[in-house]
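Basis for what follows: all heavy atoms, side chains included, without hydrogens, waters or symmetry-related copies. Position 1 is the first residue of the sequence; numbering continues from there.
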Amino acid sequence: MTVVHPIARAWITTGGTGAQNYDEFADDAEITAIIEANPHSALGIEMPHRAPESLGRSFLDALPDAVARLAEAKADGSYTPAEQVVVLYRISAAGEEPAYGIFAMVDTDQISTSRDEPGLVIRNEDVFIAKVRERVALAETLGHLLSPVLLLQTGTGEELHARLAAATEAAGPPAATDTDQAGRTHAIWLVGPGPEQDELTALAGGGELVVADGNHRSLAAQTGGLPRFLAVVTTPRSVAIQPYNRLVSELTSSPEELLDRLRAAGAEIRPIDGPVEVPAAGGTVHLRLAGRGYAVTLPHDEPAGQLENLDHALVERLLLRDALGLDPGDKRITYVGGDYPASWLTGEVDAGRAELAVLIAPVTVDDFVAVNLAREKMPRKSTWFTPKARGGLVVAELSR
């Protein structure tokens with residue numbers, strides 16, 4: 001028996017509803033601007049309190065607006081219903097190898113977060129519980145899931161990749177397409193009950209599935225008691241890991257005191273002449289303070305093991321917590337994914353909208369896989385997979 005299943009009742013976009021997922025933004029104002037420019041964007045449902053007409057209201061207070069927007073989208077033909085389907089998914093752009101995936105439902109009881117917890121779905125990061133509570137409330141209120149968890153198939157990845165490529169090639173015109181902010185085309189095709197659907201779900205569920213994006217959404221499914229959650233199962237060849245950086249709006253000490261504390265902890269600090277970029281390789285992180293840049297090699301604790309010595313773990317522990325006294329969930333810290341270039345982060349500091357940018361080399365795929373197979377948790381917000389699965393293309397209706 002596979003852990004991947006068709007969507008019992010799906011709502012398929014007819015165009016115009018696709019959106020970046022709610023957690024891909026460094027600035028909430030960007031969400032408001034997207035919803036204002038495209039009221040049909042699924043972001044207006046996923047983040048109702050960020051819609052222009054709802055600003056100033058809390059997430060929970062704005063949930064009735066999300067219900068109304070989804071009902072309106074169904075009524076005006078933005079979505080069309082389908083039953084017992086899986087959905088082929090291809091992301092393509094000029095000069096890039098296509099990425100493939102399949103929208104489906106995955107068994108929530110298969111989620112594993114430790115060595116002694118059985119299951120084929122490995123969740124790998126610590127989370128912010130307040131965000132999980134919001135996702136639970138949204139699913140309970142809407143009775144639908146709009147944003148998929150991105151799962152990396154580690155067992156049958158190559159076979160699944162080839163099968164999805166062949167299936168999309170033979171499927172004819174897509175049911176719908178959408179263009180993202182980077183110019184990539186997202187296309188979907190429906191596959192109903194039958195041998196092809198059975199083969200695809202078997203391949204998609206044929207090995208361990210690692211959560212590449214959607215740790216909060218997968219935990220929300222558990223917390224909310226959902227038997228299954230909406231996912232896009234993709235393949236290792238379809239994704240890459242980009243940098244995941246940090247922006248600190250307000251320091252708890254002077255820049256000089258911060259650097260002195262890092263030196264006292266054993267860090268090696270060297271000035272950077274010229275632009276501050278993401279490091280080319282791990283082992284050193286780059287800092288941008290007002291008018292100054294530094295390359296910082298944080299001290300390793302060899303007995304602590306591989307996980308605790310990842311750059312993201314060292315930044316969280318030695319720089320943010322020990323040197324600045326900031327908890328990872330502090331509102332002064334913004335986690336900035338790889339869609340934002342280094343120049344954007346350093347520009348925020350130079351413009352006075354932030355006091356510190358921390359640029360970190362991307363986690364390697366080898367490190368990511370090793371941590372997951374050991375059933376250990378990655379540091380928060382340490383892996384930014386691209387291309388991202390797009391929200392609002394396939395909506396799963398939850399059974400009541």
Salt-bridge test for Glu355 and Arg288: reply yes if a basic N is under 4.0 Å from a carboxylate O, no otherwise.
-> no
Is atom CD of Glu302 surrounded by more than 12 heavy atoms (other residues, nucleotides or ligands) closer than 6.0 Å?
-> yes
Glu53 and Arg69: salt bridge (Lys or Arg N to Asp or Glu O under 4.0 Å), yes or no, with the steps?
-> CA-CA 12 Å; Glu53 64 271 24; Arg69 289 191 186 97; 2.8 Å; yes
Beyond-backbone contact of Leu152 with Leu150, side-chain heavy atoms, under 4.5 angstrom = no
Distance-only side-chain donor-acceptor flag, Arg184 / Ser92, under 3.5 Å | no
Shared ILVMFWY cluster between Val233 and Ile12, side chains joined below 4.5 angstrom?
-> no
With a 4.5 Å heavy-atom cut-off, do Pro328 and Phe128 have their side chains touching?
-> yes
With a 6.0 Å cut-off on ring centres, are His286 and Tyr294 close enough?
-> no
No-hydrogen, no-angle side-chain donor-acceptor test under 3.5 Å, Thr185 and Thr177 = no
Interatomic distance, CG@Leu203 vs CD@Glu159, rounded to 0.5 Å, equals 4.5 Å
Thr2 side chain vs Thr201 backbone, donor-acceptor pair below 3.5 Å = yes
Side-chain donor-acceptor pair under 3.5 Å between Asp61 and Ser58, yes or no?
-> yes
Do the charged groups of Arg237 and Glu158 touch, with an N to O distance under 4.0 Å?
-> yes
OH (Tyr100) and CD (Glu169) are apart, to the nearest 0.5 Å, by 7.0 Å
Backbone N or O of Gln84 within a donor-acceptor pair of the Gln197 side chain at under 3.5 Å?
-> yes
Do any N or O atoms from the side chain of Arg217 and from the backbone of Pro148 form a donor-acceptor pair under 3.5 angstrom?
-> yes
Flag for Lys74-His144: side-chain donor and acceptor within less than 3.5 Å | yes
Heavy-atom donor-acceptor pair, Asn21 side chain to Ala389 backbone, under 3.5 Å = yes
Short N-O contact, Asp213 and Lys388, less than 4.0 angstrom = yes
With distance as the sole criterion, is a donor-acceptor pair present between the side chains of Asp107 and Gln110 under 3.5 Å?
-> no
Can you tell me how far CG of Leu138 sits from OH of Tyr22, rounded to the nearest 0.5 angstrom?
-> 9.5 Å
Enclosure of Gln181 CD (heavy-atom neighbours >12, cutoff 6.0 Å) = yes
Determine whether the side chains of Ser238 and Thr235 contain a donor N or O and an acceptor N or O closer than 3.5 Å.
-> yes
Under 6.0 Å between ring centres, would you say that holds for Tyr335 and Phe25?
-> no
Euclidean distance, Thr297 OG1 relative to Leu262 CG, rounded to 0.5 Å = 11.5 Å
Non-hydrogen atoms of Tyr79 and Ala42 that approach each other most closely = OH-CB, 4.3 Å
Before accepting this row, confirm whether a basic side-chain N of the pair Glu268/Arg263 lies closer than 4.0 Å to the acidic partner's carboxylate O.
-> no
Between the CG atom in Leu326 and the CD atom in Glu316, the distance rounded to the nearest 0.5 Å is 11.0 Å
Are Leu230 and Leu151 linked, directly or through other ILVMFWY residues, by side chains that come within less than 4.5 angstrom of each other?
-> no
Start with the C-alpha gap between Ile7 and Val394, add the side-chain angles, then the distance that decides, and say whether side chain to side chain contact (heavy atoms under 4.5 Å, CB included) holds.
-> CA-CA 10 Å; Ile7 306 168; Val394 177; 3.7 Å; yes
Give the cluster check for Val106 versus Leu226: same hydrophobic cluster or not, with ILVMFWY residues linked at side-chain heavy-atom distances below 4.5 Å.
-> no
Pair Arg246-Thr334, side chain to side chain contact (heavy atoms under 4.5 Å, CB included): steps then yes or no = CA-CA 6 Å; Arg246 281 92 173 105; Thr334 299; over 6 Å; no
Is the closest side-chain donor-acceptor distance between Ser382 and His312 under 3.5 Å?
-> no
Report yes if some heavy atom in the side chain of Val315 is under 4.5 Å from a heavy atom in the side chain of Leu298; otherwise report no.
-> yes
So, the side chain of Asn245 versus the backbone of Ile360: is there a donor-acceptor pair under 3.5 Å, distance only?
-> yes
Just by modelled atom types, is the Ser78 backbone N or O under 3.5 Å from a matching donor or acceptor in the Thr14 side chain?
-> yes
Check: Gly207 main-chain N/O paired with Thr156 side-chain donor or acceptor under 3.5 Å = no
In terms of hydrophobic clusters joined by side-chain contacts under 4.5 Å, are Val3 and Ile122 together?
-> no
Among the clusters formed by ILVMFWY side chains lying less than 4.5 Å apart, do Ile272 and Leu287 turn up in the same one?
-> no
Do side-chain atoms of Thr17 reach the backbone of His40 as a donor and acceptor pair under 3.5 angstrom?
-> no
List the steps and the verdict of side chain to side chain contact (heavy atoms under 4.5 Å, CB included) for Val85 and Val191.
-> CA-CA 6 Å; Val85 295; Val191 179; over 6 Å; no
Do His49 and Ser54 meet the criterion of a side-chain donor-acceptor pair at a distance under 3.5 Å?
-> no
Here the gap from Leu398 atom CG to Leu142 atom CG, rounded to the nearest 0.5 Å, amounts to 9.0 Å
Would you call Arg292 and Glu256 a salt bridge, taking side-chain N to carboxylate O under 4.0 Å as the test?
-> yes
Out of Leu120, Leu209, Val4, which residue meets the side-chain contact (heavy atoms from CB on, under 4.5 Å) rule with Gln153?
-> Leu209
Would you call Asp180 and Arg390 a salt bridge, using N to O less than 4.0 angstrom?
-> no
Which residue pairs pass the salt bridge (charged side-chain N to carboxylate O under 4.0 Å, His left out) test with at least one member in residues 37-46, sequence neighbours excluded?
-> Glu46-Arg135
Under 4.5 Å between any side-chain heavy atoms of Trp189 and Val87, yes or no?
-> no
Has the side chain of Asp311 got a donor or acceptor atom that lies under 3.5 Å from a matching backbone atom of Gly283?
-> yes
May I ask you to decide whether Arg163 forms a salt bridge with Glu196, counting only side-chain N to carboxylate O separations under 4.0 Å?
-> yes
Verify side chain to side chain contact (heavy atoms under 4.5 Å, CB included) between Ile31 and Ile35, making sure each step is shown before the conclusion.
-> CA-CA 6 Å; Ile31 300 176; Ile35 299 171; 3.8 Å; yes
Verify whether the ring centers belonging to Trp384 and Tyr244 lie closer than 6.0 Å.
-> yes
Is there a donor-acceptor pair closer than 3.5 Å between any side-chain N or O of Tyr89 and the backbone N or O of Val232?
-> no
Taken in chain and number order and not counting sequence neighbours, the residues that satisfy side-chain contact (heavy atoms from CB on, under 4.5 Å) with Thr113 are Ile111, Glu117, Arg123, Lys377
Electrostatic pair Arg57:Asp65 at N-O distance under 4.0 angstrom | yes
